[in-house]
Amino acid sequence: MTSDRDNYPRLIKEKAARGQSGVKSSIGEGAVILRDAHQREIRLSWDKKGQAGETRALAPGTYTVVGYRAVKKSEDGTEWMITATSINFAKLVVKAGEITTVSVPRKILQSGRLVRRGSNTNVNMALTYGRGGVTIYQNGRRIAMPFRVVDGYGRTIGSGSINYG
């Protein structure tokens, strides 16, 4: 029998001991979700400030990065968070007795298209981060995505913002 708890990724916050295999993260404060060869999800967490350089204990094996959360504060104290999911961001190979660094994509791509139907124009937009979808939060709230429509001369002919999610 399975419980709802079985559907959540197993959380790992323990530091890797000397000689033990482990993982470091390039994201600083946040978490990385991995899927092992048995399709079980594991969450490696660096949730507190100052934990960014720490390693997390993880058994040797091949894992797939399927999600992550990165948190940063700007100079004015605004908290920004990016959450991303994918079926396959990257493979992560952890070797016995070694520390492996998991890296996440650095660029966010905003793409869009306009679809005209009669006198109406629909604006479709997508945010991607590496190979997956992304959501951006400012102080815990999902941000609206601004857009601008330009003509062939570069003049703005329409603009607005889209609330998503």
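- In this structure the side chain of L34 reaches within 4.5 angstrom of the side chain of V65, judged on heavy atoms.
- When all heavy atoms of P60 and A96 are compared, the closest pair comes out as CG-CA, 3.7 Å.
- Taking a cutoff of 4.0 Å between a charged side-chain nitrogen and a carboxylate oxygen, E41 and R43 do not qualify as a salt bridge.
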Pair M145-I143, side chain to side chain contact (heavy atoms under 4.5 Å, CB included): steps then yes or no: CA-CA 6 Å; M145 295 305 305; I143 65 168; 4.2 Å; yes
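- Annotation: the span from T100 atom OG1 to L58 atom CG amounts to 8.5 Å, rounded to 0.5 Å.
- V23 approaches V102 most closely through the heavy-atom pair CG1-CG1, 3.7 Å.
- A distance of 10.5 Å separates CD of E54 from OG of S45, quoted to the nearest 0.5 Å.
- Checked against side chain to side chain donor-acceptor pair (under 3.5 Å), R148 has the following partners two or more places apart in sequence or in another chain: T156.
- Judged as a side-chain contact (heavy atoms from CB on, under 4.5 Å), and not counting sequence neighbours, P146 has no contacts.
- Annotation: side chain to side chain donor-acceptor pair (under 3.5 Å) contacts of K91 (sequence neighbours excluded): T64.
- Take I99 and apply the side-chain contact (heavy atoms from CB on, under 4.5 Å) test, not counting sequence neighbours, and it matches A16, K24, T55.
- No side-chain heavy atom of W80 sits under 4.5 Å from any side-chain heavy atom of K73.
- In this structure, the side-chain contact (heavy atoms from CB on, under 4.5 Å) partners of A59, at least two apart in sequence or on a different chain, are Y63.
- Here D151 pairs with R155 under the salt bridge (charged side-chain N to carboxylate O under 4.0 Å, His left out) rule; sequence neighbours left out.
- Contact between N139 and G77 at its shortest, heavy atoms only, is OD1-O, 4.3 Å.
- Remark: T83 engages no residue in a side chain to side chain donor-acceptor pair (under 3.5 Å) (not counting sequence neighbours).
- In this structure, the side-chain contact (heavy atoms from CB on, under 4.5 Å) partners of R117, at least two apart in sequence or on a different chain, are V115, N122.
- If you chain together ILVMFWY residues whose side-chain heavy atoms come under 4.5 Å of each other, Y137 ends up grouped with V71, M81.
- Residues satisfying the side chain to side chain donor-acceptor pair (under 3.5 Å) test with T78, not counting sequence neighbours, are D76.
- Cluster annotation: V93 and V66 are assigned to distinct hydrophobic clusters (Ile/Leu/Val/Met/Phe/Trp/Tyr, side-chain heavy-atom contacts under 4.5 Å, transitive).
- For the atom pair CG of L92 and CG of D36, the computed distance is 12.0 Å after rounding to the nearest 0.5 Å.
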